[in-house]
Structure formats: C-alpha cells, structure tokens
Amino acid sequence: MLKSNLNLSSALRLYKSRQSSLSHSFQTRSLKTIGKTGGQLVILGTGWAGFKVLGNINTEKYDVIVVSPRNYFAFTPLLASTAVGTLEFRAISEPVRAYQNNITYYQAWCDKIDFENKTLTCTTALPQKQDSFTISFDKLVISTGAYANTFGIPGVAENAFFLREVEHARRIRNRIIECMFCFSESQDCGW
C-alpha cells in the first residue's frame, strides 16, 4: 500500500522498484484485460477447433485474440460441392469477426511461440505488408490444422489438386471449366 503522504513521483519510483518482483502474467496483460478475470486468450487458427472455442468462449471473462492467415472459417465437408458448382464459395465461409463480438483479429502467421515468456512472434499475412509483431497471452489455444502430406512422392505437390481450402476448390473449378472449354472447342490443351 502507498502511504497517503507520498507524492506522484515517489509513487512512480516505488512502482518501478517493485516492478521486477511482479509476476510475469501480470506484467504482460494489456489494459483491455483489466476486469477480465480470465486474462488474454489467444487462438491460433480459424479451423474447426479454433472456431468451436471462439463460438463458446465468454468474451466478458477473456480478452480474445485470434491469429490466422485466413479471416474466415470454411465448412470443409462442402468444398467438393463448391468445386463442381453446386454451391457458391461464400455459402461455406463464415467470417471470423462476424461469428463472435468483442474479439481482436490479426491476419497473420505465428512464427514463434515463447512459452516461458508467454509471447507469440507473428508476421502479417498481407502480401503488401510483411510486418512482425509480438502478442502476449495468458492462455493459448493452438488449432492451426495441418498441411496435406505428399509422402515424398515426386511430382505430387506440383501436379495434384488438394481439397483443404476454399482456394483449392477454386483451382479445381477453374480447371474443370478450362477442360470443358478445351473439349468443346476441340483444341490442343497441352496435355
């Protein structure tokens, strides 16, 4: 406790001298987390697990931050339907910001997790701006998903069509349209 006869400069000196003894989780909390008993919760990824946590989290208790290079959730079981034209791409996508209020979203890649200091090092996923920044956390949910495995087979990564993202479905759809055009025009399509 501060004595009532201390002035502001004395109080600041006292604070700075005691700052090193404070716990790390208290030091890294932002002003937004004051009054939020759960602290700062960071969710990495906007796939199935990340979106489930985001939908069920109490934003009154946690300051929620979402970090993902993709600003939407894709309902992956319907990707094949979008590739063949049965559904539009927007029908299987849910924007992250529209799904839950009172969250902070960063369109970025997480490059490094420092569990000891409870910080993330991230790089923005925007092509025109590649800035690095750090985010502190009290709790971390890692739901980044996985990449398709080619099992080391030569040529698979270059020639196969994977179906894990909306962009993959777009490539397949464009390829189907290209093939239909080539066959209808009896052109040499270079195969």
Participant: Closer than 3.5 angstrom, by distance alone: can the side chain of Ser136 be matched with the main-chain N or O of Thr119 as a donor-acceptor pair?
Facilitator: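 Checking the backbone N and O of Thr119 against the side chain of Ser136, no donor-acceptor pair under 3.5 Å is found.
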Participant: Name all residues meeting the ring-ring contact (aromatic ring centres under 6.0 Å, His included) criterion together with Phe89; count only those two or more places apart in sequence or in a different chain, and write none if there are none.
Facilitator: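 Phe89 satisfies ring-ring contact (aromatic ring centres under 6.0 Å, His included) with no residue once adjacent residues are dropped.
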Participant: Which heavy atom of Ser132 sits nearest a heavy atom of Thr123, and at what distance?
Facilitator: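 Taking Ser132 first and Thr123 second, the nearest heavy atoms are OG-OG1, 3.6 Å.
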Participant: Any idea which heavy atoms bring Ile43 and Ser143 closest together, and the distance?
Facilitator: CG2-OG, 4.0 Å
Participant: Do Asn101 and Thr59 have side chains that approach each other closer than 4.5 Å (heavy atoms only, starting at C-beta)?
Facilitator: no
Participant: Answer yes if Phe133 and Ile65 sit in the same cluster of Ile, Leu, Val, Met, Phe, Trp and Tyr residues linked by side chain heavy atoms under 4.5 Å apart, and no otherwise.
Facilitator: yes
Participant: How far apart are the closest heavy atoms of Arg164 and Leu79, and which atoms are they?
Facilitator: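 Heavy atoms only, the tightest pair is C-CD1, 3.6 Å.
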Participant: Distance check, rounded to the nearest 0.5 Å: Thr46 atom OG1 versus Glu94 atom CD?
Facilitator: 11.5 Å
Participant: In the single-linkage hydrophobic clustering (I, L, V, M, F, W, Y; side-chain heavy atoms under 4.5 Å), do Phe75 and Val53 co-cluster?
Facilitator: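 Both belong to a single hydrophobic cluster.
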Participant: Inspect the contact between Arg170 and Glu165 and indicate whether a charged nitrogen and a carboxylate oxygen are less than 4.0 angstrom apart.
Facilitator: no
Participant: Looking at side-chain heavy atoms only, is the closest gap between Leu140 and Ile113 below 4.5 Å?
Facilitator: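 Touching, per the 4.5 Å side-chain cut-off.
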Participant: Locate the shortest heavy-atom distance separating Ile57 from Gln100; write the atom from each residue and the value.
Facilitator: O-NE2, 3.4 Å
Participant: Rounded to the nearest 0.5 Å, what separates atom CD1 in Ile172 from atom CD1 in Ile177?
Facilitator: 12.0 Å
Participant: Which side-chain N or O atoms in residues 154-162 pair as donor and acceptor under 3.5 Å with protein atoms at least two apart or in another chain?
Facilitator:
unit_1 : atom_1 : unit_2 : atom_2 : d
Glu158 : OE1    : Gly155 : N      : 3.4
Asn159 : ND2    : Gly155 : O      : 3.0

Participant: Is there side-chain contact between Leu120 and Phe137, with at least one heavy-atom pair below 4.5 Å?
Facilitator: yes
Participant: If you take all heavy atoms of Cys122 and Ile135, which pair is closest and at what distance?
Facilitator: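 What the structure gives for the nearest pair is SG-CD1, 4.2 Å.
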Participant: Are Tyr147 and Leu44 linked, directly or through intermediate hydrophobic residues, by side-chain heavy-atom contacts shorter than 4.5 Å (ILVMFWY only)?
Facilitator: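 The answer is no; the residues belong to distinct hydrophobic clusters.
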Participant: Show the numbers, then the answer: is there a ring-ring contact (aromatic ring centres under 6.0 Å, His included) between Phe73 and Tyr99?
Facilitator: CA-CA 9 Å; Phe73 166 75; Tyr99 192 67; 7.7 Å; no
Participant: Less than 4.5 Å apart, side chain to side chain, heavy atoms only: is that true for Val66 and Thr104?
Facilitator: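 With C-beta onward as the side chain, the pair stays apart.
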Participant: Return the minimal non-hydrogen interatomic distance between Asp138 and Gly39, and the atom names on each side.
Facilitator: OD2-CA, 3.2 Å
Participant: Evaluate Met180 against Ile176 for side chain to side chain contact (heavy atoms under 4.5 Å, CB included), listing each step before the verdict.
Facilitator: CA-CA 6 Å; Met180 293 174 91; Ile176 291 170; 3.9 Å; yes
Participant: In terms of hydrophobic clusters joined by side-chain contacts under 4.5 Å, are Ile142 and Trp109 together?
Facilitator: no
Participant: Any pair with a residue in residues 71-92 that passes side-chain hydrogen bond (donor to acceptor under 3.5 Å, both in side chains), sequence neighbours left out, goes on the list, sorted by first then second residue, please.
Facilitator: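 Every pair satisfying side-chain hydrogen bond (donor to acceptor under 3.5 Å, both in side chains) with a residue in residues 71-92: Trp48-Thr76.
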Participant: What verdict does the side chain to side chain contact (heavy atoms under 4.5 Å, CB included) test give for Asn102 and Asp63, after you've listed the backbone C-alpha separation in whole Å, the side-chain angles of each residue and the deciding distance to 0.1 Å?
Facilitator: CA-CA 8 Å; Asn102 303 324; Asp63 175 29; over 6 Å; no
